[in-house]
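Hydrogens, waters and symmetry mates are skipped; everything else that's a heavy atom, side chains included, is used. In what follows, chains are A, B, ... by sequence order, proteins preceding strands, each numbered from 1.
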Number of protein chains: 2
Amino acid sequence: MTKKWVYLFDEIVQAQEYVDGDWGKVRGLLGGKGANLAEMARLGIPVPPGFTVTTEACIAYLDGGGTLPQGMWEQEIEALHRIEAATGKKFGDANNPLLISCRSGAKFSMPGMMDTVLNIGLNDETAKGMVALTGDERFVFDAYRRLVQMFGSVVMGLPDEIFEQVITAARRRAGVETDAQLTAEHWQTVTREFKEIYRHQTHHSFPNDPNDQLKLATEAVFKSWNGKRAVDYRNAAGIAHDLGTAVSIVTMVFGNMGDDSATGVAMTRNGSTGDNQLEGDYLTNAQGEDVVAGIRLTKDLKELKTEMPAAYNQFEEITRKLEKHYREMQDVEFTIEHGKLWMLQTRDGKRTAQAAVRIAVDMVEEGLINREEAVLRVTPEQVDFFMHPQFDLKATQTARDEGKYLAHGLNVSPGAACGVVAFDADLAETWSKKDGQAVIMVRPETKPDDVHGMLAAEGILTSRGGRTSHAALVARQFGKPAVVGVSKLNIDLTKRLLIVDEKIVHEGDWISVDGSSGEVFLGKIATSVPDIKDPSLLKLLAWADDFRRLGVWANADYPRDAERARDYGAEGIGLCRTEHMFFESDRLPLIQKMITSDRYMDQKAALDALLPYQREDFAGIFRAMDGLPVILRLIDPPLHEFLPSHIDLMDELTDLKIRLQHADTLAQIDDLLEQVRTKEAILKRVESLREANPMLGLRGVRLGIHIPELTSMQVRAVFEAACEVAREGIEVHPEVMIPLTSHVNELTVQRGILEAEARKVMTEQGVEVDYKFGTMIEIPRAALTADQIAGQAEFFSFGTNDLTQTTFGISRDDAEAGFLIEYMEQDILPDNPFATIDRDGVGALMAIAVQKGRSVKPDLECGICGEHGGDPKSIQVCHELGLTYVSCSPFRVPIARLAAAHAALKEKEKPKSSDS
Amino acid sequence: MTKKWVYLFDEIVQAQEYVDGDWGKVRGLLGGKGANLAEMARLGIPVPPGFTVTTEACIAYLDGGGTLPQGMWEQEIEALHRIEAATGKKFGDANNPLLISCRSGAKFSMPGMMDTVLNIGLNDETAKGMVALTGDERFVFDAYRRLVQMFGSVVMGLPDEIFEQVITAARRRAGVETDAQLTAEHWQTVTREFKEIYRHQTHHSFPNDPNDQLKLATEAVFKSWNGKRAVDYRNAAGIAHDLGTAVSIVTMVFGNMGDDSATGVAMTRNGSTGDNQLEGDYLTNAQGEDVVAGIRLTKDLKELKTEMPAAYNQFEEITRKLEKHYREMQDVEFTIEHGKLWMLQTRDGKRTAQAAVRIAVDMVEEGLINREEAVLRVTPEQVDFFMHPQFDLKATQTARDEGKYLAHGLNVSPGAACGVVAFDADLAETWSKKDGQAVIMVRPETKPDDVHGMLAAEGILTSRGGRTSHAALVARQFGKPAVVGVSKLNIDLTKRLLIVDEKIVHEGDWISVDGSSGEVFLGKIATSVPDIKDPSLLKLLAWADDFRRLGVWANADYPRDAERARDYGAEGIGLCRTEHMFFESDRLPLIQKMITSDRYMDQKAALDALLPYQREDFAGIFRAMDGLPVILRLIDPPLHEFLPSHIDLMDELTDLKIRLQHADTLAQIDDLLEQVRTKEAILKRVESLREANPMLGLRGVRLGIHIPELTSMQVRAVFEAACEVAREGIEVHPEVMIPLTSHVNELTVQRGILEAEARKVMTEQGVEVDYKFGTMIEIPRAALTADQIAGQAEFFSFGTNDLTQTTFGISRDDAEAGFLIEYMEQDILPDNPFATIDRDGVGALMAIAVQKGRSVKPDLECGICGEHGGDPKSIQVCHELGLTYVSCSPFRVPIARLAAAHAALKEKEKPKSSDS
């Protein structure tokens with residue numbers, strides 16, 4: 001028995017895949033389009049009779065070097081006969097001809113493939129029969145010329161322009177403006193001319209035999225799977241190349257058969273807001289293309305209710321049925337032929353982030369799906385949309401209506417930005433930094449030299465480059481809205497302007513860039529503040545909280561950040577960088593004094609003066625986090641970061657020396673000499689602190705060992721604040737964290753200082769505070785010796801920024817705007833390891849640390865406080881490693897909550913293959 | 001039955017430890033001294049009768065809070081009776097008194113403990129008896145006063161000075177100059193006065209009862225185990241605190257009983273050269289102390305042959321017997337009493353490195369020991385002595401004779417150095433660098449600020465600090481001879497001079513420092529060139545080669561280094577740093593041109609010009625290593641290392657700008673402006689290459705990916721050279737190595753370039769070359785993903801310098817002269833991880849890499865080319881990890897050969913506890 005290559009729509013139940021209930025495999029066999037048509041047929045929904053040639057046939061055809069597999073064609077003819085029987089029409093019959101369409105359809109939607117050929121079955125004879133049947137000669141020859149045109153361009157690959165030229169010439173000859181004004185005779189002439197072009201270009205006559213038309217169209221669909229555009233698309237989208245495409249053959253139905261005919265599209269819910277309301281557009285006496293092309297003004301679907309109430313009611317019922325069946329919002333196409341409704345397509349509808357959340361939550365409340373499904377249907381990236389400013393929808397529409405729409409490109413980094421155009425990085429920086437001017441940096445493409453300008457700009461726009469271009473990578477990395485690859489932009493760097501179509505934009509003019517949609521507008525568009533308090537979102541996140549195993553904490557250096565974090569759902573502070581407090585303008589002079597003093601007493605005095613500031617900040621954070629843990633990390637950066645830069649000092653000295661040469665009076669000379677001496681003294685200290693590689697230098701715990709008083713002062717500030725706040729009746733859980741540990745002895749020494757100072761303060765204050773002592777794991781050696789480290793630490797927190805730097809031997813400061821971009825462009829690294837945890841390297845070290853640490857202390861609290869803590873892919877890794885929590889910036893907390901739930905739910909879906 | 005606490009010398013055979021044949025345990029029970037005395041007795045060698053109280057008794061005494069353990073004293077008395085029976089004398093008997101000595105003796109020799117009390121058993125009555133017996137009143141009272149003096153100082157802890165003052169007073173009263181001139185009456189008075197001092201200071205009378213003397217002396221030895229000096233010594237030497245000391249009681253024999261009596265010391269072989277010849281000194285009619293004290297001129301042992309031939313012959317025979325028995329060179333003490341020879345001590349003799357090698361090899365040839373033992377008896381550090389210049393022995397003796405010996409301190413870093421004294425680092429650097437003057441840097445102690453001076457100096461001398469002082473650590477690290485802690489040095493930094501005793505040394509005067517012995521001399525002492533071709537050493541190393549499993553390769557950048565390495569026994573080149581060739585003066589301009597060119601063609605031209613130089617160097621190395629593998633590492637350092645420094649350029653620019661302000665003529669201004677422009681252009685390029693952390697920046701394989709032409713050029717040079725040399729009939733095995741790999745994709749990309757270029761060259765040249773492609777493992781991520789890496793690499797080479805930097809997160813450049821010293825001083829790190837592999841961290845990563853790499857390629861060649869490759873402790877780690885070879889500097893090759901053999905032999909000694 002030969003293999004079954006062809007399934008009539010109502011034969012779907014015979015496919016083993018369907019019997020198994022594996023809808024994914026059904027789609028794999030019949031393509032998305034074919035599977036949905038067949039499923040609708042099975043549900044008793046009116047679908048024009050038809051059948052699908054399987055993806056297996058496609059693969060066999062391609063593997064066989066272009067030979068139709070054994071028995072396929074016979075099965076296709078047999079299926080055709082069954083359609084003829086169902087419709088009472090006959091393929092190629094001059095009296096009552098059956099017309100069909102031929103559509104490609106793979107498992108995943110693929111714009112790179114051949115699309116559709118309509119009206120197959122028409123030739124000179126059947127055309128005559130159709131005229132006799134419909135009495136509408138114009139309709140028939142319009143359809144006939146469409147067949148020849150589509151066959152030529154889609155099946156034979158001829159350029160569509162040569163056909164369009166013929167129509168243009170016909171309009172000119174007829175002295176009319178639109179195609180609608182062309183008569184039956186005109187279309188008959190056009191059809192003849194199309195056939196001549198076809199013969200001339202392909203050296204074959206247009207196939208008169210409908211069977212030949214069908215066979216050629218089927219083969220063309222098969223071949224389009226390996227077309228260049230399709231292969232490129234699959235490479236970009238990560239789709240396997242061995243899936244093949246199916247071919248669906250559907251009886252033609254016509255919405256342009258008169259005023260009792262119509263055609264339209266609809267969505268079962270609003271794709272922008274998620275409102276649960278059927279919405280769509282249709283046209284009476286028209287074809288599907290006319291609705292989509294936007295040439296005729298479409299009517300709102302609601303009007304159909306009065307125009308054709310029976311058909312409308314049936315349609316409404318069908319859409320309800322479809323949504324219930326697929327348990328998803330549907331996007332459908334329909335045609336009404338002489339009052340009879342036919343469904344031509346159904347698929348999951350596209351939607352905005354806001355709508356995705358609303359629909360998921362609504363569907364739970366309607367009982368369509370459960371909470372797990374709802375949580376899994378919203379991506380963490382969609383939650384991110386709620387965190388970025390977006391252009392106001394109405395303002396965008398107004399801009400469009402006012403002709404301010406400029407162009408469209410790749411939406412590579414989300415968010416909306418307005419600013420004046422700057423054509424180079426230096427100017428962008430100057431305008432932004434010196435003038436406080438919002439800037440959009442516009443370049444043909446960007447290079448590493450441009451990064452300072454990109455950082456200063458509100459948004460980025462380029463005319464070249466793709467999703468992994470330099471501009472795209474840098475923009476995403478720094479969270480700058482960006483649109484790239486807008487090929488219509490004509491940038492003239494000499495004249496300092498850009499031209500799109502006829503519109504000219506000068507440097508300094510305002511533009512607006514929508515990194516979420518990829519659109520670019522003239523002028524300034526109002527942005528709407530993100531609404532993180534959206535009730536549906538809050539509900540969804542609350543469900544997510546029920547599913548996730550990972551805690552979600554936040555990084556916060558100031559009380560205001562801690563409050564925001566808690567508001568967004570943070571369950572603790574995973575990282576409070578105490579040194580950030582030192583950079584405030586009233587404190588910097590004190591820390592500088594501490595560093596530059598040679599005398600111990602001066603150092604001590606400076607530290608004593610810093611203490612009250614630190615205590616006050618800590619107290620504020622403790623109050624905000626009442627009842628929740630707060631991890632305070634002792635000073636981390638190298639001391640020279642608090643001093644003026646070496647280059648600046650050198651420059652100032654050079655200036656002073658030159659001025660000295662020009663000094664006229666003795667007083668001037670004295671004054672300048674004094675200034676030189678002072679600068680030289682500071683320079684000397686800066687030089688003595690200079691390190692070849694400060695990232696690997698005297699910082700973190702090494703500072704605490706070098707200057708134990710620094711540790712004591714910080715610990716005192718923590719405990720004085722904790723005691724003070726505890727007396728107010730607030731519950732405090734300070735966790736003191738040591739950075740950059742590489743050897744357990746470092747911890748032992750620092751722990752001694754900490755325990756002594758903590759005890760001292762608690763005795764002084766007469767208050768006992770529940771605290772922990774722990775360490776960052778951010779140096780490979782700490783991870784490798786985590787069992788030793790766990791002997792001295794009550795918690796671990798992975799500092800994956802530093803850990804990535806040392807595990808890769810890459811300096812982030814230098815590389816991220818440098819060779820790392822080259823690496824990603826060349827696909828040497830799949831992801832930026834500073835954005836997404838490198839599972840094989842950094843992840844392996846983390847696994848070692850968790851395993852060794854917990855071998856000593858089974859309940860060891862293990863968290864992550866690097867930037868990766870807010871990245872969904874990295875959160876997945878953290879979940880798998882069994883971490884206690886992830887800690888991220890307050891703005892990423894909602895995203896992390898959802899991503900953590902996804903990780904837990906995916907684990908539930910896919911039980912581990914082995915228990916070992 | 002009570003435990004046996006006391007063993008007569010001839011009872012050694014009853015000890016279970018002895019029965020078991022475990023000599024280590026025998027020493028543990030009886031102490032080294034006691035065990036050797038007993039063993040001599042067992043061998044029938046004349047040893048004065050005696051016994052040993054065990055270390056177990058000492059432990060029991062100390063554990064019991066100072067109570068003698070049950071039965072011990074009774075056993076001691078009983079043993080004493082046995083001695084009385086053997087000697088016919090009686091302890092405390094006025095007519096024929098037995099005199100004994102009491103000696104401490106632990107398992108390991110310990111200068112911190114109580115030493116010896118002689119003449120126990122003397123009191124007023126027995127003294128009279130001794131006078132009657134010997135007829136020598138002077139001898140008896142001299143002995144008596146010695147007992148009181150030793151008892152007071154050694155047992156009761158009185159300061160020895162108060163006794164010496166009495167003797168000085170006695171000499172003054174008698175009007176004589178030396179003790180030898182004091183008469184019997186004088187000593188009688190001194191003895192009486194000593195007893196009064198004793199009573200006055202201890203509030204007890206000097207014990208008249210010999211039994212009390214013995215008991216007190218025994219307890220004093222026990223207590224001395226926990227004395228501060230002993231505890232400190234054990235802490236420093238790493239000796240366990242629970243071993244305890246034994247007490248040996250030996251019958252007194254006297255070498256000062258007349259001209260038929262004598263006493264002396266001898267070594268069975270020459271301790272300096274290793275000559276197999278009995279050598280020693282003795283004195284007729286004298287006591288042991290007199291020989292050691294150096295007051296009387298001793299006679300050469302050879303004279304004893306004629307003076308007392310019978311005793312001499314017996315002595316010679318005994319020493320031969322002892323050497324044969326112990327299978328080691330012996331250091332012995334003997335006394336001849338009235339013509340009868342008594343052996344008082346035997347122990348393994350101390351020797352120089354040269355002697356150690358010579359003796360070990362000779363003993364194999366004499367059939368005394370086997371080759372394994374010989375190899376294990378020489379330490380790698382002793383081989384190192386053959387590599388350092390040493391002061392000529394005769395020249396040193398001459399200097400000593402001429403009164404140029406200055407002082408003695410801690411020998412913390414081996415080798416000999418001469419230079420002029422400089423009292424600060426800046427001066428040391430200036431004299432050394434600008435004037436080419438050899439300098440010894442002399443400081444009270446050194447600090448991190450002094451490191452530049454230490455590096456510039458030939459040697460280092462300090463008056464303060466110990467073995468882990470800053471000066472010691474830095475000196476060892478950089479291989480500078482150093483003597484520290486010479487407390488006699490009186491350094492006056494204001495007057496710029498140092499005073500020792502009466503000698504004054506001014507800044508600029510010559511001194512000589514022996515870092516191997518710790519001695520310091522005035523003036524310039526001739527140094528002898530190390531003799532690595534010593535025949536015994538060559539033989540020993542050849543034996544070592546038979547035992548080791550690790551290969552020993554060398555790091556060599558030039559043909560001359562490769563030749564030397566091969567000469568020293570290297571079996572391959574583990575690292576040829578190709579970029580070192582770029583730093584040569586004729587090549588640097590080319591590489592600078594390559595870097596600063598903006599145009600591709602200029603870059604290419606510069607690379608083409610570099611090619612012949614590289615090819616020539618490679619060819620030279622291939623010729624030197626005929627038949628052996630040569631690993632060539634592609635360019636590693638960041639490009640800016642080839643350019644002038646940023647600071648220098650800034651300084652030069654400042655100068656130019658100041659000169660511009662003073663320019664008078666237009667021509668001058670034009671010229672200066674041109675210079676400014678040029679410098680600014682270079683500065684700009686230097687700035688664009690500047691990195692915050694160059695160690696983690698654009699270097700290694702990243703350079704090869706950034707500038708693929710650099711890889712091609714180097715690969716071409718390798719293969720052109722290999723083909724050329726192969727045509728000469730030489731066997732070449734190039735192995736091309738990629739540095740700084742962190743991701744397998746980097747290798748894949750570079751391998752593509754390499755394979756293509758190699759194929760191209762071999763086709764052009766018509767020669768096929770056997771080559772390998774591999775990578776450094778010097779980044780944690782490479783180790784962690786070694787299974788992936790091994791898919792693209794045919795060999796691994798651990799770059800443990802970089803691997804230590806990244807595993808610890810420590811920049812060697814900054815830390816080794818900075819906080820790392822603080823860390824070692826505070827015992828936070830046990831060793832400098834850049835000198836000795838950190839087993840727990842870096843070693844763990846290496847183990848992962850070897851295991852994962854060989855899981856993919858079981859025979860994967862795994863070596864090490866970091867500096868650790870020449871460090872014995874690290875070589876032990878490499879052996880345990882199963883590496884293929886270690887590669888080190890040519891000068892370390894002999895050391896590595898021996899260390900590798902030690903690792904293999906130790907493994908054989910201690911079979912692994914488990915096979916799992």
Straight-line distance of A/Leu656 CG to A/Leu672 CG, nearest 0.5 Å: 6.5 Å

Interatomic spacing from CD1 in A/Ile810 to CD1 in B/Ile779 - rounded to 0.5 Å: 8.0 Å

Minimal non-hydrogen separation, A/Ala786 against A/Ala849, with atom names: CB-O, 3.5 Å

Gap between atom CD1 of A/Ile777 and atom CZ of A/Phe796 - 0.5 Å precision: 4.0 Å

Non-hydrogen side-chain atoms of A/Leu689 and A/Pro638 separated by less than 4.5 Å: no

Residue A/Pro833 versus chain B: region with a heavy atom under 4.5 Å: neither

Euclidean distance, B/Leu643 CG relative to B/Leu649 CG, rounded to 0.5 Å: 8.5 Å

Heavy-atom contact with chain B under 4.5 Å, split by part of A/Leu660: neither

Compile a table of inter-chain donor-acceptor pairs under 3.5 Å between chain A and chain B, counting both main-chain and side-chain atoms.
from: A/Thr654; atom 1: OG1; to: B/Thr654; atom 2: OG1; distance (Å): 3.3
from: A/Gln661; atom 1: OE1; to: B/His662; atom 2: NE2; distance (Å): 2.3
from: A/His662; atom 1: NE2; to: B/Gln661; atom 2: OE1; distance (Å): 2.3
from: A/Ala692; atom 1: N; to: B/Asp814; atom 2: OD1; distance (Å): 2.7
from: A/Ala692; atom 1: N; to: B/Asp814; atom 2: OD2; distance (Å): 3.2
from: A/Asn693; atom 1: N; to: B/Asp814; atom 2: OD2; distance (Å): 3.0
from: A/Asn693; atom 1: OD1; to: B/Met695; atom 2: N; distance (Å): 2.8
from: A/Asn693; atom 1: ND2; to: B/Ser811; atom 2: OG; distance (Å): 3.2
from: A/Met695; atom 1: N; to: B/Asn693; atom 2: OD1; distance (Å): 2.8
from: A/Leu696; atom 1: O; to: B/Ser811; atom 2: N; distance (Å): 2.8
from: A/Arg702; atom 1: NH1; to: B/Gly809; atom 2: O; distance (Å): 2.8
from: A/Arg702; atom 1: NH2; to: B/Phe808; atom 2: O; distance (Å): 2.9
from: A/Arg702; atom 1: NH2; to: B/Gly809; atom 2: O; distance (Å): 2.8
from: A/His706; atom 1: ND1; to: B/Glu822; atom 2: OE1; distance (Å): 3.1
from: A/His706; atom 1: ND1; to: B/Glu822; atom 2: OE2; distance (Å): 2.8
from: A/Asn745; atom 1: ND2; to: B/Ile828; atom 2: O; distance (Å): 2.8
from: A/Glu746; atom 1: OE2; to: B/Tyr823; atom 2: OH; distance (Å): 2.6
from: A/Arg781; atom 1: N; to: B/Thr807; atom 2: O; distance (Å): 2.8
from: A/Arg781; atom 1: NE; to: B/Asp838; atom 2: OD1; distance (Å): 3.2
from: A/Arg781; atom 1: NE; to: B/Asp838; atom 2: OD2; distance (Å): 2.7
from: A/Arg781; atom 1: NH2; to: B/Asp838; atom 2: OD1; distance (Å): 2.7
from: A/Gln788; atom 1: NE2; to: B/Asp840; atom 2: OD2; distance (Å): 2.9
from: A/Thr807; atom 1: O; to: B/Arg781; atom 2: N; distance (Å): 2.8
from: A/Phe808; atom 1: O; to: B/Arg702; atom 2: NH2; distance (Å): 2.9
from: A/Gly809; atom 1: O; to: B/Arg702; atom 2: NH1; distance (Å): 2.8
from: A/Gly809; atom 1: O; to: B/Arg702; atom 2: NH2; distance (Å): 2.8
from: A/Ser811; atom 1: N; to: B/Leu696; atom 2: O; distance (Å): 2.8
from: A/Ser811; atom 1: OG; to: B/Asn693; atom 2: ND2; distance (Å): 3.2
from: A/Asp814; atom 1: OD1; to: B/Ala692; atom 2: N; distance (Å): 2.6
from: A/Asp814; atom 1: OD2; to: B/Ala692; atom 2: N; distance (Å): 3.2
from: A/Asp814; atom 1: OD2; to: B/Asn693; atom 2: N; distance (Å): 3.0
from: A/Glu822; atom 1: OE1; to: B/His706; atom 2: ND1; distance (Å): 3.1
from: A/Glu822; atom 1: OE2; to: B/His706; atom 2: ND1; distance (Å): 2.8
from: A/Tyr823; atom 1: OH; to: B/Glu746; atom 2: OE2; distance (Å): 2.6
from: A/Ile828; atom 1: O; to: B/Asn745; atom 2: ND2; distance (Å): 2.8
from: A/Asp838; atom 1: OD1; to: B/Arg781; atom 2: NE; distance (Å): 3.2
from: A/Asp838; atom 1: OD1; to: B/Arg781; atom 2: NH2; distance (Å): 2.7
from: A/Asp838; atom 1: OD2; to: B/Arg781; atom 2: NE; distance (Å): 2.7
from: A/Asp840; atom 1: OD2; to: B/Gln788; atom 2: NE2; distance (Å): 2.9

Nearest-0.5 Å distance that lies between atom CG in A/Leu634 and atom CG in A/Leu710: 8.5 Å

Residue, of A/Gly809, A/Ala782, A/Gly841, that accumulates the most heavy atom pairs under 4.5 Å with chain B: A/Gly809

Intermediate values then yes/no, side-chain contact (heavy atoms from CB on, under 4.5 Å), A/Val856 and A/Ile789: CA-CA 9 Å; A/Val856 173; A/Ile789 303 253; over 6 Å; no

Residue B/Leu653 versus chain A: region with a heavy atom under 4.5 Å: neither

Heavy-atom pairs under 4.5 Å with chain B, option from A/Leu740, A/Leu845, A/Val749 with the top count: A/Leu845

Straight-line distance of B/Leu820 CG to B/Ile828 CD1, nearest 0.5 Å: 10.5 Å

Option in A/Ile658, A/Leu829, A/Ile705 with maximal non-hydrogen atom pairs under 4.5 Å from chain B: A/Ile705

